[in-house]
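To find a chain, count down the sequence lines: A is the first, B the second, and so on, and within it residues start at 1. As a basis for the values below, the full set of heavy atoms in this structure was taken, side chains included, without hydrogen atoms, waters or symmetry mates.
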Amino acid sequence: MTGRPPATDPEGGAELERAIGSVSQSITDPVAKLRYLRGSLADGRAAHTHVRAVPSAHLRWMLYRILSVAGLRHTIDIRSLGYRARSEAAGGRMLVLSRIAVAAAALLVAMGLVSVAYKASRPAARPVEASAPGPGSPARVSPPAAEPGPELHQAAGIAPSAVWLVENGAEFEQYSNGLRIDTSFAVPGPPRSYRVFEADGAFGPAVHSVPVGILYHTTESDVWPLDAAFNENLRDSSHRLLKYVSRNRLYHYLIDRFGRVYRVVGEDGKANHAGHSVWAAEGRTYLSLNHAFFGVAFETRWDGGRALPITQAQLASGRTLTQYLRQRYGIAAEMCVTHGLTSVNPRTHRIGHHLDWARGFPFEAFGLPDQYGRPAPSVATFGFGYDEEFLRVLDEPWPGVRAAEQGLAEQAAIRGTTVEQVRRERQDLYDRWLAEQVRDEAERGGATMPARSARTTTSGG
Amino acid sequence: MADERKDHLWKVQEADERVEDLVSGGNPVGLDVGTSKVVSARKKGKGVDTAMELNAFIPVAYSRFTENILGQNDISYYREGDELIIYGTATERFANMFNTDIRRPMADGVLNPREKEAMGVLEAIIQGLLPRAKAQGEILAFSVPAMDGKTSELTYHEGTLRRYFESLGYKAVAINEGLAVIFSELEDENFTGIGISCGGGMCNVALAFLSIPSIMFSITKGGDTIDASAGAVLNEHAFRVKVLKEEGLDLSKSPKDKFEKALHIYYEDLVETLVDALRRSLSTAEKLPKTDRPLPIVLSGGTAKPKGFKDLFERTLKARSLPIEISGVRMASDPQTATARGALIAAMYEK
């Protein structure tokens, strides 16, 4: 092709760039290559002024080669590296090499210190006398099993007149009812924003941003025996779970097996906890409850709900957390419900898409009405049914489903039609309402609806 | 990793909507906001999923009948007062039907100051390609042109887009269009070489060495200039010329009719302007890359798509003396998505 060769670098910078270029050829991932190149160039240019003074070309090449290989660390650095420029002055020709050596040594020392600190902060599980495992306690690492539920312990004592923030620190909040919230895993969520269907079926124009309900979940994660011999497993399991739910913004609160309450998603944000779900109270109907409800998860497996699957500490914390949320946001008792009672599958028009706490949630212990007895809105208002899998897990639906089905039968009898016909009409109603809600969220910038639909409705067309 | 025990979280996996969230959550996006087309790129499995939409609109008078027709035919539109604004890919069909020219929300690589509907239309088009961020702060890299001496227009354009993307929940970073081409096409050359994006409104050029750009410039000639110029001399609507151009123009063969003749002339003019600008830019550059290897040139963009474009570019290049050695000229693997794919790499780098 045309032209003269590109300008060469009289100061020898090409040597560095050749070394970097040569190493980067072996990187196949474009993003990793980009990170490597930019990181290594920034590092190398800081060292270049000193290395270029080395009289031996061979030695210079070796130094540049070392620098370029050291730059591979940038490929595992997930932070944005940008065009970092090192501005610090160097003291001598060999400073670069010594820096590398010192950095490596410092890294090793730091790793050692971190390791020691980690161990120190997580002492080996030394059982206290009262809970010492018997000699036959197996230190097994076999698949974890759910704990049998403990008895509810109703302690008497003086209750505070209200729940208020007593004290807070960088990573905690302490409330007057004993609730202590660990905020070290908290992340912000997208702002809450939702509309509700009013008693007359109209989609209320008001856009709400204040939560009106609490949805209780189980995490369905590993559950290790509540035994000192498994202390490390219990802590590690919770820690991993917290990282996972925080990263994916799955709940607002998580209560671990020791009753520690962690804020996961900030209270003014939406968490991805409810999926397709239905609840109704005081004439208002709520679909897809992520925005309108808090998600409170207990670290446990529900396992059919025949036994209480949470620890006494979780129960106590769940009560204080509920008390705090209800008081702070004026949440009505009938708006505190479980995920299993609300979860639906919109494609099949069946309830129980998720079944956690579809049976066995201790509403009474939480000072809440028995929601299992309330006619299920998903059945009563929207005619949803259930399948064999649902019955395989639950044996029979909770009483509220039966009550709602009774209502459908009465409606069919009054109209002289079949229950199936009534169900179909109500399922159609659900489909329409859900579509309306999805469209509305898209218009307000909350979903992925096609732009055409969104703009059409916005402009009243 | 021990902390990735999703298999134990069967409940989380079971929920379709959550799985969707998990799959796409934290997924960076590359967006080529071009004068002629908007193209998005996202990672999908081991590959890249791209989608594009024509960056154009046409207003028609509002009537319920027209609106019904648009709705029934799944045409992208919205109502604005007494008008229905048809936008995106369907615009060309309607321009043909109404025998009028399409309108652009962007001109010369930036928001069109002569169109009051510019940002509204662009938002509608982007909405169709870009869902709201699943998680606050997801990275989106969007292309911007190099604007010699028109920095205030670029500042406004970039700032307006950035605010819009941030309102969708993204952390937006801008990337030069030519550099994006280098990112997507010159990985094997360690992101060293010259990337050229020939779009509708302009041609953007960047020269990078080991991914670091040293020269970036643009010329305000592109596919739209060719269409408009040819249309003017042929007394035809520009969109009609565009259709003919895209139906199979071959620049390596002699023109068959007056349309092709005009298109050949304006293509040659564009390439000459481009190569002249490249030569001038390289000659006046204060710093050229410190490399002893010749540099590759990669061509991309919809305007570079006609058969024979590469040969025309090479011929023109050979007729001029450049201050650097060129190893070869090649077309991008997919010229229309190269910028978006490069922007995606930039977004993943920033993640």
If one checks every heavy atom of Leu210(B) against chain A at 4.5 Å, the contacting part turns out to be both
Whatever's closer than 4.5 Å to a heavy atom in chain B on Pro188(A) counts as neither
dist Ile27(A):CD1 -> Glu187(B):CD (nearest 0.5 Å) comes out at 9.5 Å
Rounded to the nearest 0.5 angstrom, the CZ-CG distance for Phe209(B) and Leu37(A) is 9.5 Å
_Keeping Lys33(A) on the side-chain end and Asn190(B) on the backbone end, is there a donor-acceptor pair under 3.5 Å?_
no
What one should report as the nearest heavy-atom pair of Ile345(B) and Leu34(A) is CG2-CD2, 3.9 Å
NZ (Lys270(A)) and CD (Gln136(B)) are apart, to the nearest 0.5 Å, by 11.0 Å
request  = Report, as yes or no, whether the 6.0 Å neighbourhood of atom CG on Asp82(B) holds more than 12 heavy atoms from other residues, nucleotides or ligands.
outcome  = no
With sequence neighbours left out, the residues meeting ring pair (Phe, Tyr, Trp, His ring centres under 6.0 Å) with Tyr170(B) are none
Establish, yes or no, whether the cationic atom of Arg38(A) lies under 6.0 Å from the six-membered ring centre of Tyr349(B) and within 45° of the ring axis.
yes
